[in-house]
Amino acid sequence: MANEGEMLASTVNHQQWVCTVCGYNMIGEMPDVCPFCRARHDKFVTWDEAEQTYRVTPHQINNYVTQLISVPRLGMEHAAYRIETDSGAIWIDCPSAFNRDLEPVEAIYFTHKDFMGASNQYRDLWDAKVYLHVNDAEHPLAEQFPIDNKIYGDFTEHGIEAFYIGGHTPGFMIYIYDKVLFICDYAFPPGSSMQLNPFGPKDKTRKRASRILDLVSERSLEVVCGFNFFTDFDSWREDFKHLLDRAR
């Protein structure tokens with residue numbers, strides 16, 4: 001009879017590569033260049049080499065949100081966030097490295113298609129449901145990843161509010177849980193030098209940013225979680241307002 005380690009290993013994709021420049025996961029045959037950052041294949045490692053090298057490490061933000069990011073840093077890796085809700089744990093976005101000893105989650109909600117990480121492997125290991133907006137699910141960067149629930153607009157589930165924004169990518173979503181806003185890389189870095197994400201349609205990104213401001217202005221929030229930062233909400237909101245004023 002197979003032992004537990006062998007059974008766990010059988011659940012993951014053995015044809016998967018991780019770009020050490022950006023953290024993007026490639027499923028199947030190794031390409032010559034990374035589809036996301038265009039790094040050459042000599043910068044790739046297998047998923048199991050990544051698992052041995054990079055430890056997805058939690059950083060507590062408050063009593064219900066934890067930032068997850070690899071140590072050492074996996075290139076330009078984004079952060080993922082674990083939310084402890086009353087009806088189960090949820091991730092916002094997904095770590096780039098697969099670490100099978102992490103605590104399981106019920107579902108993975110994606111802000112957009114750029115940060116799919118090792119979601120296919122965590123999905124298989126835990127039977128976690130993967131959510132991505134339909135407009136991003138049809139993009140070549142996402143088409144190899146299994147999506148259980150295609151998002152078509154705003155929704156609320158597990159107490160998490162999800163809002164369709166678009167702009168930076170056709171299917172960009174933001175999430176709010178209790179006092180925390182999950183904004184990923186729509187605008188960064190926090191502070192006076194904040195800018196809108198320069199990749200994608202700039203006019204649409206700027207126009208749709210106004211919906212973000214409208215949504216957050218209606219709520220009493222405390223923390224903003226971004227793709228590589230978390231920060232105080234009040235100061236972030238003021239910087240975001242100034243950014244949109246300049247963009248107009």
Side-chain angles (χ1 to χ4, degrees), residues 24-25 27 35-36 65 68 78-96 104-124 126-188 196-197 199-219 221 224-227 240 244:
Y24 182 74
N25 277 237
I27 301 171
F36 186 79
V65 176
L68 299 172
H78 62 283
Y81 294 90
R82 179 185 174 95
I83 307 175
E84 306 292 344
T85 79
D86 292 339
S87 56
I90 305 295
W91 275 354
I92 305 295
D93 293 323
C94 182
S96 295
V105 295
E106 301 286 329
I108 305 171
Y109 295 169
F110 278 101
T111 55
H112 60 311
K113 45 97 179 150
D114 294 346
F115 295 148
M116 301 299 290
S119 59
N120 62 313
Q121 295 176 315
Y122 290 111
R123 174 184 179 271
D124 288 349
W126 300 329
D127 194 29
K129 303 304 179 186
V130 174
Y131 291 64
L132 181 68
H133 194 279
V134 63
N135 290 350
D136 275 4
E138 297 169 351
H139 191 278
L141 284 176
E143 64 184 2
Q144 290 186 312
F145 291 85
I147 309 299
D148 299 290
N149 293 294
K150 293 183 178 179
I151 301 167
Y152 287 85
D154 301 351
F155 69 94
T156 300
E157 191 173 273
H158 295 283
I160 299 171
E161 297 178 277
F163 300 100
Y164 169 64
I165 303 299
H168 165 49
T169 70
F172 198 97
M173 302 286 298
I174 65 167
Y175 298 92
I176 295 174
Y177 183 75
D178 195 24
K179 302 290 187 180
V180 182
L181 166 66
F182 300 89
I183 194 73
C184 197
D185 62 353
Y186 207 94
F188 60 88
L196 294 171
N197 195 309
F199 299 100
K202 293 182 180 180
D203 287 345
K204 286 184 179 180
T205 300
R206 176 179 52 81
K207 289 176 181 177
R208 296 299 293 173
S210 62
R211 186 178 192 224
I212 299 175
L213 187 58
D214 290 342
L215 288 167
V216 301
S217 296
E218 298 170 357
R219 289 167 172 77
L221 302 175
V224 179
C225 292
F227 84 104
F240 193 63
L244 297 190

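Bear in mind that the values here come from a model prediction, so they are computed numbers and not experimental data. Position 1 is the first residue of the sequence, and the numbers go up from there.
- Residues satisfying the side chain to side chain donor-acceptor pair (under 3.5 Å) criterion with Asp178, sequence neighbours excluded, are Tyr64.
- Counting heavy atoms from C-beta on, the side chains of Asp136 and Pro170 come closer than 4.5 Å.
- Looking at heavy atoms from C-beta onward, Ile108 lies out of side-chain contact with Ile90 at the 4.5 angstrom threshold.
- Taking all atoms of both residues into account, the shortest heavy-atom contact from Lys129 to Asp148 is CA-OD2, 3.4 Å.
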Subject >> Full working for side-chain contact (heavy atoms from CB on, under 4.5 Å) between His168 and Asp114 >> reply: CA-CA 11 Å; His168 165 49; Asp114 294 346; 3.6 Å; yes
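- Residues Asp93 and Cys184 form a side-chain contact, since some pair of their non-hydrogen atoms from C-beta on lies under 4.5 Å apart.
- The heavy-atom pair separating Arg206 from Leu196 by the smallest distance is CA-CD1, 3.7 Å.
- Residue Asp214 places its CG atom among more than 12 non-hydrogen atoms of other residues, nucleotides or ligands, all under 6.0 Å distant.
- Counting heavy atoms from C-beta outward, Tyr164 and Ile151 have side chains that stay 4.5 Å or more apart.
- Ala89 and Arg82 make their closest contact through CB-NH2, 3.3 Å (heavy atoms, listed as atom of the first residue, atom of the second, distance).
- With a 4.5 Å cut-off on side-chain heavy atoms, Leu141 and Pro35 count as touching.
- Between Phe110 and Tyr131, the ring center distance fails the sub-6.0 Å criterion.
- In this structure, the ring of Tyr186 has its center less than 6.0 angstrom from the ring center of Phe172.
- Glu161 and Arg219 are joined by a salt bridge, as a carboxylate oxygen and a charged side-chain nitrogen come within less than 4.0 angstrom of each other.
- Looking at Arg208, its side chain does come within 3.5 Å of a backbone N or O of Ile165 through a donor-acceptor pair.
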Original post:
Can you check side-chain contact (heavy atoms from CB on, under 4.5 Å) on Ile174 and Leu215, steps first, answer last?
Top reply: CA-CA 10 Å; Ile174 65 167; Leu215 288 167; 4.1 Å; yes
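- Taking 4.5 Å as the limit, every side-chain heavy atom of Ile83 sits out of range of all side-chain heavy atoms of Tyr175.
- Side-chain contact between Phe115 and Asp185: present, with at least one pair of heavy atoms (C-beta onward) separated by less than 4.5 Å.
- Every residue was checked against the side chain to side chain donor-acceptor pair (under 3.5 Å) condition with Tyr24, not counting sequence neighbours, and none meets it.
- Of the N and O atoms on the side chains of His158 and Ser87, at least one donor lies less than 3.5 Å from an acceptor on the other residue.
- Between Val180 and Leu221, the shortest heavy-atom distance links the atoms N-CD2, 4.1 Å.
- Just one of Tyr177, Tyr122, Tyr109 meets the ring-ring contact (aromatic ring centres under 6.0 Å, His included) condition when paired with Trp91; it is Tyr122.
- Within the 3.5 Å criterion, the main-chain N or O of Gly88 finds no donor-acceptor partner in the side chain of Glu106.
- Of the inter-residue distances, the one linking Leu181 atom CG with Ile212 atom CD1 reads 8.0 Å to the nearest 0.5 angstrom.
- In terms of heavy atoms, Asn25 sits closest to Phe145 at O-CZ, 3.5 Å.
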**OP:** For His112 and His133, run ring-ring contact (aromatic ring centres under 6.0 Å, His included): C-alpha distance rounded to whole Å, both residues' side-chain angles, the deciding distance at 0.1 Å, then the answer.
**Re:** CA-CA 7 Å; His112 60 311; His133 194 279; over 10 Å; no
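- Between Phe227 and Tyr81, the distance separating the two ring centers is not shorter than 6.0 angstrom.
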Subject >> Evaluation steps, side-chain contact (heavy atoms from CB on, under 4.5 Å), between Ile147 and Met116 >> reply: CA-CA 10 Å; Ile147 309 299; Met116 301 299 290; 3.6 Å; yes
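- Counting heavy atoms from C-beta outward, Val224 and Ile183 have side chains that approach closer than 4.5 Å.
- Atom-to-atom distance recorded for Asn197:CG and Lys202:NZ is 10.5 Å, nearest 0.5 angstrom.
- The two atoms that bring Cys94 and His78 nearest to each other are O-NE2, 2.6 Å, heavy atoms only.
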